[in-house]
Amino acid sequence: MPPRIDVRRFVRRNPTIVIGAILLIVLLMIALLAPLISGDPQRLAPIDRLRPPSAQHWFGTDNLGRDVFARTVWGGRISLLVGFSVAAFATVAGIGIGLLCYLSGWIEAVVMRVMDGLMAIPSILLAIALVSLTQASVATVIIAITIPEIPRVTRLVRAVMLGVRERPFVEAATAGGSRPLKIMWRHILPATIPPLIVQATYSAASAILIEAGLSFLGAGTPPSIPTWGNMIAGSRVFLSSAPWAVFFPGVSLAVAVLAVNILGDGLRDRLDPRLSRRM
Amino acid sequence: MIGFIVRRLLATVPVMVVIGLFVFLLLHLAPGDPAAIIAGDNATPDSIVAIRHQLGLDQSILVQFVRWSGRVLQGDLGISIFSQTPVLTLIGQRIGPTVSLTLTTAVFSVSIAICVGVLAGWRAGGVLDRIVMAFAALGFSVPVFVVGYGLIYVFAIHLRWLPVQGYASLQQGIGPWFQHLILPSLALGLAYVALIARITRTAMLDVLSEDYIRTATAKGVAATPMLLHHALRNAAVPIVTVIGLGVALLIGGVVITETVFNIPGVGRLVVDAINQRDYPIVQGIILVFSGAYVLINLAVDISYLILDPRIRS
């Protein structure tokens, strides 16, 4: 019989995980169901430009008469897509590179120097420079944001590896004649999973922020796709006459990042008790 | 002690080489011909050949990198394609506002964050602590430009207390200079304050549970000297470390903040350069920003010598 999970106790003990997860699920549902809950985010209605929030336009309209609610709902798709993809790709790449370091000290020395160098370049600059080299698309944005995230994951994998390598059960496996690849797969890799889950949430939060920054600076997703960042960039000149066109995408952005961060903090407290009190 | 400084200094060399290599390769990593990228969309074959020769792109990659590094080490960051002006000159013209903004932000962020962090750590679990932690969670989550427009809307458009945008240099008087920097510094500093307040609280929590703090309290040392002399001094190393690492947040944020508040600094220069595909400027600014980050963290490492006598021996 599987162990019974007491839901109420879990909620009481891990309020942040629950709040973060619920918020994130709601945002995810809104993004997935965008075509059902909102109209066309690109529909122009010059007569209705800069209208305040009303029953017809819940979040008002922007300077081209586009519905801010529809654009906010659709903009969430890009943010969440970029957040999840970057977290996934950075984690996979970080594990791959980190484990490569386990196999050879020489590779490790070179890889860690490269990672130190990459980490010294401000992520947002690195990302805009990378995006500017190619045609702007959601895929290039994801790649450009993933690259500055990889060093963080790699360092984490390596730190965990260094800790586990000295543990008796790994030494026993080595003494027992297990091949390095098997030790890596059976003993090292599992130890990296809990901290990596926490790191993945932080990567997702940082990716959402950087994507918004890129879109805001006009160096990200093409302007034909509504994103929270380019909505704010497009409406900022009208801040005094139509604050709603900046306010709603801004608040959505903050709520999305906050949800991911809260979830991450909760998971860290739960998965990494050593750190729980620290930050 | 000299050995420590030399070791730290040497450790920055490979980092700088990797940054240099990356910045150099930036152009060559791009699909297509770097000369054609630089020449832009309506270039003639002749102008592409001219640019290729002008930049030495017709030589082997290794030769190009060695030559380029040599020039960079002599302070030659190349020439802007768009304005035909040396990149270093352009950066020099725009560095004033950027330095003003980052320094004001750093000074006020660090002072606020340490005060708040010390108090939160001292009364951990209390009301102030909870407010600080909630604020920190927000500070990590709200992007610079959202905070910026929020501040502009409330303090500049609605209350009319401060200028909406723009920059006044120090020559125009310290009053206007400071007025123009208040909102940008607040927007830029939010995440930095959150980061430092959190680490200060944690470091204080660790130190405050030490025996000598209990002894000092038992001896009747008052709260203020106890917190500042006994606790904060011993919590300094992790705090200073995070202040150094957090500079990355400031450097990244400055690019966006300058756009929000229309400040003619290096951040605006790089955004404009990227839109114009003026790669020598982009390369130069990434080098300068990354170099500043590495040097600041080197200074932080060396400051351990002052903060922690144990490292001196």
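Chain identifiers are assigned alphabetically (A, B, ...) following the order of the sequence lines, protein sequences preceding nucleic acid strands; residue numbering begins at 1 within each chain.
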Where on B:Tyr293 is there a heavy atom nearer than 4.5 Å to chain A: the side chain, the backbone, both, or neither? side chain
For a quick test of reading the model, state the closest non-hydrogen atom pair linking A:Ile121 to B:Phe22 and the distance between them. CD1-CD2, 3.7 Å
Could you tell me which residues in residues 107-116 of chain A have at least one non-hydrogen atom under 4.5 Å from a non-hydrogen atom of chain B, sorted by residue number? A:Arg113, A:Val114, A:Asp116
Let me see the working for A:Phe216 and B:Val260 under side chain to side chain contact (heavy atoms under 4.5 Å, CB included), right down to the final yes or no. CA-CA 9 Å; A:Phe216 173 75; B:Val260 171; 3.6 Å; yes
Step through the shown structure and confirm whether more than 12 heavy atoms of other residues, nucleotides or ligands are within 6.0 Å of CZ on A:Phe89. no
Looking only at heavy atoms, what is the nearest atom pair of B:Tyr279 and A:Ser132, with distance? OH-O, 2.9 Å
For the student: nearest non-hydrogen atoms of A:Asn261 and B:Ser141, plus distance: ND2-OG, 3.1 Å
I need the minimum non-hydrogen distance between A:Gly117 and B:Val18, along with the two atoms involved. CA-CG1, 3.7 Å
Euclidean distance, B:Ile152 CD1 relative to A:Leu239 CG, rounded to 0.5 Å: 6.5 Å
Answer yes or no: are there more than 12 heavy-atom neighbours, outside A:Arg236 itself, under 6.0 Å from its atom CZ? yes
Using non-hydrogen atoms only, which part of B:Val15 is less than 4.5 Å away from chain A: side chain, backbone, both, or neither? both
Closest approach of B:Ile274 and A:Ala129, non-hydrogen atoms and distance? CD1-N, 4.3 Å
Could you look at A:Ser240 and say if it's the side chain, the backbone, both or neither that has a heavy atom under 4.5 Å from chain B? both
Among B:Val142, B:Ile251, B:Thr259, which has the most heavy-atom pairs under 4.5 Å with chain A? B:Thr259
Heavy-atom proximity to chain A below 4.5 Å, by part of B:Phe145: side chain
Could you tell me whether B:Tyr149 atom OH has more than 12 heavy atoms of other residues or ligands within 6.0 Å of it? yes
Under a 4.5 Å cut-off applied to non-hydrogen side-chain atoms, are A:Val246 and B:Val146 in contact? no
Given that the side chain runs from C-beta out, which part of B:Ile256 has a heavy atom under 4.5 Å from chain A: side chain, backbone, both or neither? both
Can you tell which part of A:Leu118 gets under 4.5 Å to a heavy atom of chain B, answering side chain, backbone, both or neither? both
Can you see which heavy atom on B:Ala137 is nearest to which on A:Leu258, and at what distance? O-CD1, 3.6 Å
I need the B:Ile286 CD1 to A:Ile128 CD1 distance, nearest 0.5 Å. 7.5 Å
Which residue out of A:Ile124, A:Leu126, A:Leu125 racks up the most heavy-atom pairs below 4.5 Å with chain B? A:Leu125
Using the side chain to side chain contact (heavy atoms under 4.5 Å, CB included) rule, take A:Asp265 and B:Met133 through it: C-alpha gap first, then chi angles, then the decisive distance, then the call. CA-CA 12 Å; A:Asp265 286 350; B:Met133 293 305 276; over 6 Å; no
